[in-house]
Amino acid sequence: TMAADRVSRATVAGDPGSSRGPSPASPSLPVSAAMQQSAQTPQPQPPHQLQQQQQSPPQQLVQVQPQQQQLSQRPTSPMTPQQQRHATAAAAAAAAVAALSELFSADPVWAEVYAACCCDVREAPTLDAARGFRDAVLAQNPDSRPERLSLRGLRLGPATVSCMGLQLKDRQYTSLDLSENQLGDHSALSVRSLVRALPKLRQLQLAGNVITAVGTQEIADELEVNSTLEVLSFGGRGDQNGARGFRPNCVGSDGLKFL
């Protein structure tokens with residue numbers, strides 16, 4: 001009240017302590033308006049308060065960093081049973097791949113051939129089955145005759161023969177025995193690709209693969225452009241030992257006409 005009274009007297013009659021006297025240009029204001037104007041006028045802040053305001057953001061950042069460290073130090077939540085099963089399956093698959101690579105380390109091509117054979121028979125690859133496949137291939141192909149390749153009775157299908165055409169390309173085999181497998185007519189194109197991939201192949205055995213006149217026609221078309229192959233056997237009443245195969249071909253008279 002005393003401050004407002006002083007402002008009112010200075011506005012109306014001028015300041016008695018001033019030598020200039022009242023200012024004629026100053027308009028008179030009510031007491032309430034003068035109090036509002038003085039309240040709205042920003043007061044200057046001391047320099048030390050300005051420095052504290054400027055330094056406050058770094059202090060806030062410093063306080064956030066311990067919180068981030070606490071979040072990073074929180075223990076991870078344990079895996080769910082489903083995640084544990086997936087992790088176990090992935091580890092088992094990696095171990096199986098490493099074991100297969102070691103099993104076929106002498107010639108890694110046969111690891112790919114075995115995997116394709118599993119696709120033909122729709123079975124999951126296992127270490128025991130892979131070992132049996134390797135042993136069967138080694139038993140039929142002694143080192144004394146490296147120019148011959150025998151794969152009889154290994155349940156080979158079109159996927160395996162196609163894989164062989166890629167993996168065995170330009171090898172120096174002169175004789176190939178694919179008897180007693182699961183080729184059929186739908187493997188005729190794969191057989192043609194395999195024959196083209198072996199430039200020195202002269203003998204091809206296809207007995208016991210349930211090949212009909214349809215597949216025979218496809219293979220006969222390859223004979224028109226192949227000048228290396230000399231012997232093509234579809235089997236007959238008996239094989240070399242006189243025993244009849246359990247999956248004989250059905251070439252028939254139409255197949256013989258194509259040949």
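For reference, positions follow the sequence shown, starting with 1. All of these numbers come straight from a predicted model, not from anything done at the bench.
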TODO: Given side chain to side chain contact (heavy atoms under 4.5 Å, CB included), test Asn209 with Phe234 step by step and report yes or no.
DONE: CA-CA 8 Å; Asn209 280 289; Phe234 284 95; over 6 Å; no

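- In terms of heavy atoms, Ala197 sits closest to Gly165 at CB-O, 3.4 Å.
- A donor-acceptor contact under 3.5 angstrom links the side chains of Asp177 and Ser179, judged on distance only.
- The CG atom of Leu166 sits 7.5 Å away from the OG atom of Ser162 when rounded to the nearest 0.5 Å.
- Here the CD-CZ distance, from Glu180 to Arg152, works out to 6.0 Å after rounding to the nearest 0.5 Å.
- With sequence neighbours excluded, the residues satisfying side chain to side chain contact (heavy atoms under 4.5 Å, CB included) with Leu223 are Leu229, Leu232, Leu259.
- Every pair passing ring-ring contact (aromatic ring centres under 6.0 Å, His included) that includes a residue from residues 118-138 is listed here, sequence neighbours excluded: Tyr114-Phe133.
- The side-chain hydrogen bond (donor to acceptor under 3.5 Å, both in side chains) test applied to Gln182 returns no partner, not counting sequence neighbours.
- Listed here is the closest heavy atom pair of Asn141 and Arg148: OD1-O, 3.4 Å.
- The nearest pair of heavy atoms linking Val210 to Asn249 is N-OD1, 3.0 Å.
- Screening residues 250-259 for salt bridge (charged side-chain N to carboxylate O under 4.0 Å, His left out) gives no qualifying pairs among residues at least two apart or on separate chains.
- Linking Ile, Leu, Val, Met, Phe, Trp and Tyr residues whenever their side-chain heavy atoms come within less than 4.5 Å places Val137 and Leu194 in a single cluster.
- Atom OG1 of Thr160 and atom CD of Gln167 lie 11.5 Å apart (nearest 0.5 Å).
- Residue pairs meeting the ring-ring contact (aromatic ring centres under 6.0 Å, His included) criterion with at least one member in residues 193-233: none, sequence neighbours excluded.
- Between atom OG1 of residue Thr212 and atom CD of residue Gln217 there is a gap of 10.0 Å, rounded to the nearest 0.5 Å.
- Residues forming a side-chain hydrogen bond (donor to acceptor under 3.5 Å, both in side chains) with Ser175 (at least two apart in sequence, or on another chain): none.
- No donor-acceptor distance shorter than 3.5 angstrom exists from the side chain of Ser187 to the backbone of Ser190, with no hydrogens or angles considered.
- Residue pairs meeting the salt bridge (charged side-chain N to carboxylate O under 4.0 Å, His left out) criterion with at least one partner in residues 110-120, sequence neighbours excluded, are absent.
- To the nearest 0.5 Å, the span separating CG on Leu127 from CD on Glu102 amounts to 9.5 Å.
- Considering all non-hydrogen atoms of both residues, Leu156 and Asn181 come closest at N-OD1, 3.0 Å.
- Looking at Gln203, its side chain never comes within 3.5 Å of a backbone N or O of Leu201 through a donor-acceptor pair.
- Of all non-hydrogen atoms in Gly235 and Ala207, the two that sit nearest each other are CA-CB, 3.6 Å.
- Looking at Gln205 and Ser233, their side chains do bring a donor and an acceptor atom within 3.5 Å of each other.
- Within the structure, ring-ring contact (aromatic ring centres under 6.0 Å, His included) contacts touching residues 160-204 (residues at least two apart or in different chains) do not occur.
- Contact detail for Val109 and Arg171: the closest heavy-atom pair is CG2-NH2, 3.5 Å.
- Sorted by first and then second residue, the ring-ring contact (aromatic ring centres under 6.0 Å, His included) pairs with a member in residues 196-231 form an empty list; sequence neighbours excluded.
- Residues Leu206 and Leu183 have side chains in contact (heavy-atom distance under 4.5 Å, counting atoms from C-beta outward).
- The backbone N or O of Ser101 sits nowhere less than 3.5 Å from a side-chain atom of Ser105 that would complete a donor-acceptor pair.
- In this structure, Leu103 CG and Arg134 CZ are separated by 4.5 Å, a value rounded to the nearest 0.5 Å.
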- [ ] Take Leu151 and Val113 through the test side chain to side chain contact (heavy atoms under 4.5 Å, CB included) and record every step on the way to the result.
- [x] CA-CA 11 Å; Leu151 301 173; Val113 176; 5.7 Å; no

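- The closest side-chain heavy-atom distance from Leu204 to Val231 is not below 4.5 Å.
- Applying the side-chain hydrogen bond (donor to acceptor under 3.5 Å, both in side chains) test to Gln140 and every residue at least two apart in sequence or in another chain returns Ser150.
- Residues that satisfy the side-chain hydrogen bond (donor to acceptor under 3.5 Å, both in side chains) test with Glu123, not counting sequence neighbours, are Arg155.
- A continuous path of ILVMFWY side-chain contacts below 4.5 Å connects Phe104 to Leu168, so both sit in one hydrophobic cluster.
- Applying the salt bridge (charged side-chain N to carboxylate O under 4.0 Å, His left out) test to pairs two or more places apart or on separate chains, those with a residue in residues 209-222 are Arg192-Glu218, Arg192-Glu222, Arg196-Glu222.
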